[in-house]
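Since the structure comes first, as structure tokens, the remarks are kept for the end.
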Amino acid sequence: MSKIVMKFGGTSVGSMELIGNVAKRVQLEKEKGHDIVVVVSAMGKTTDDLAEMASKITNNPTKREMDMLLATGEQVTMSLLAIQLNSLGVETLSLTGWQAGIVTDEVHRNSKIKQLDGQKINEHLMANRVVIVAGFQGMSELGEITTLGRGGSDTTAVAIAAAIGADICDIYTDVDGVYTSDPRYVSHARKLEQLEYDEMLELAHLGAGVLHPRAVEFAKNYKIPLRVRSSYEETEGTILKEEVDVENNLVVRGVAFESDIVRLTIEYTVPFNGSLASIFTTLANNHIDVDIIVQSIVEGMKPTVSFSIKKESLSEAIHVLEKKKQNLGFTFADFEVGLAKVSIVGSGMVSNPGVAAQMFDRLSKENIPVKMVSTSEIKVSVVVPQGNMIQAANALHDEFDLAIN
Ligand code: ASP
Ligand code: MG
């Protein structure tokens, strides 16, 4: 007998019929004698639809009220699924995030779980009940309803798995596993049987939408085996672990990409009466995620610092920087839109120099200009024109032999 967390994403619970299928799947696991906690997302596109309704009123709703609104989506799913399971004769109870004991920080719309006491869930499991928990939501210490950021139900699932000491956390979704790249855009993308936490963490941060990055972080920190599998078919999916065997000596294991990147460039005169740190502290204090940073100091030219952010943060970034221009002491800021980030990831890169060179070489053969670069031990990312993003992803997938099975 195992303790299992089963998480179902929005597409897996998108209709009453699909909720019925999920209920049967849960019932099947329960009948095998396992202890089951189910974490659910909002049905289908509910979260988008709710946000859309608010946007009909204003572009600028308070984040608090958006959390009040968006948190309702998951509650619809959890109760319908509980009603369904109960009517199948499986004793089930649903809990909101706060009822399940999920305590978050105070950052609305992108909060982090600070504490999760698994005791309450465990008590219900001991009473032989299936427990359903609403994903994506929690409550701050001040008693405010918060949400964990888009895609955050994955994080709820893994955090619960850690808190109750689950044997495995299964993420059921509309794809049957983690692929070498997004099969909708990269024609030879292939399903991976195994992947390391660190690789998945990079891929998730770099735009592979299949898992919420914070969920992978939790899984890594608490060593929770995490499996991504199809909610429609009985296949094995992809298992995430600490270390996996190197397949066919492949150095690169995945290609990720993300559109809607903006490059901001700030020019300053020397002596710079502000500091680079103060610019980035200001952005961080306003929760603007800065990604790649490149400083350029060339003799005879004004020094500049460029950094990439997501398009959705652009207006806020400009607003914040303009407001502090005087204090921060820069002279000029400019931005370029229509960019994308393409990355290669693989833990084998640590011991294989020359991977970046091979990547740049291929991109140059494809006539794709590289605007920014960033590297870590296990990844190389480039910023390229958005129009070249899919071409770059396909070329790199080919260059590093990822289609080979
Ligand atoms: N319903 C939320 C979203 O669409 C959370 C999730 O599904 O993970 O982002
Ligand atoms: Mg998701």
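Just follow the structure's listing: the first ligand is 1, and inside any ligand the first atom is 1. This one's a predicted model, so the numbers in the text were calculated from it and none came from an experiment. FYI, side chains are in, hydrogens and waters are out, and symmetry mates aren't considered; it's all heavy atoms of this structure.
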For ligand 1, which atoms have a heavy atom of Gly151 less than 4.0 angstrom away?
3 (C), 5 (C), 6 (C), 8 (O), 9 (O)
Any heavy atom of Gly152 closer to ligand 1 than 4.0 angstrom?
yes
Shortest protein heavy-atom distance from [atom], along with the residue and atom involved:
atom	value
atom 1 (N) of ligand 1	Glu74 OE2, 2.6 Å
atom 7 (O) of ligand 1	Ser41 OG, 2.9 Å
atom 6 (C) of ligand 1	Ser153 OG, 3.3 Å

One thing to verify: whether [Y] and [X] come together as a salt bridge, which I'm taking to mean a side-chain N less than 4.0 angstrom from a carboxylate O.
X	Y	result
Glu52	Lys56	yes
Asp260	Lys311	yes
Asp334	Arg263	no
Glu242	Lys220	no

Would you indicate which of Gln137, Arg150, Lys45, Lys7 comes nearest to atom 4 (O) of ligand 1 when only heavy atoms are counted?
Arg150
Interatomic distance, CG@Leu88 vs NZ@Lys30, rounded to 0.5 Å, equals 14.0 Å
Does any N or O of ligand 1 fall below 3.5 Å from an N or O anywhere on Gly10, backbone included?
no
Run through Val342, Leu402, Ile368 and flag the one making a side-chain contact (heavy atoms from CB on, under 4.5 Å) with Leu396.
Val342
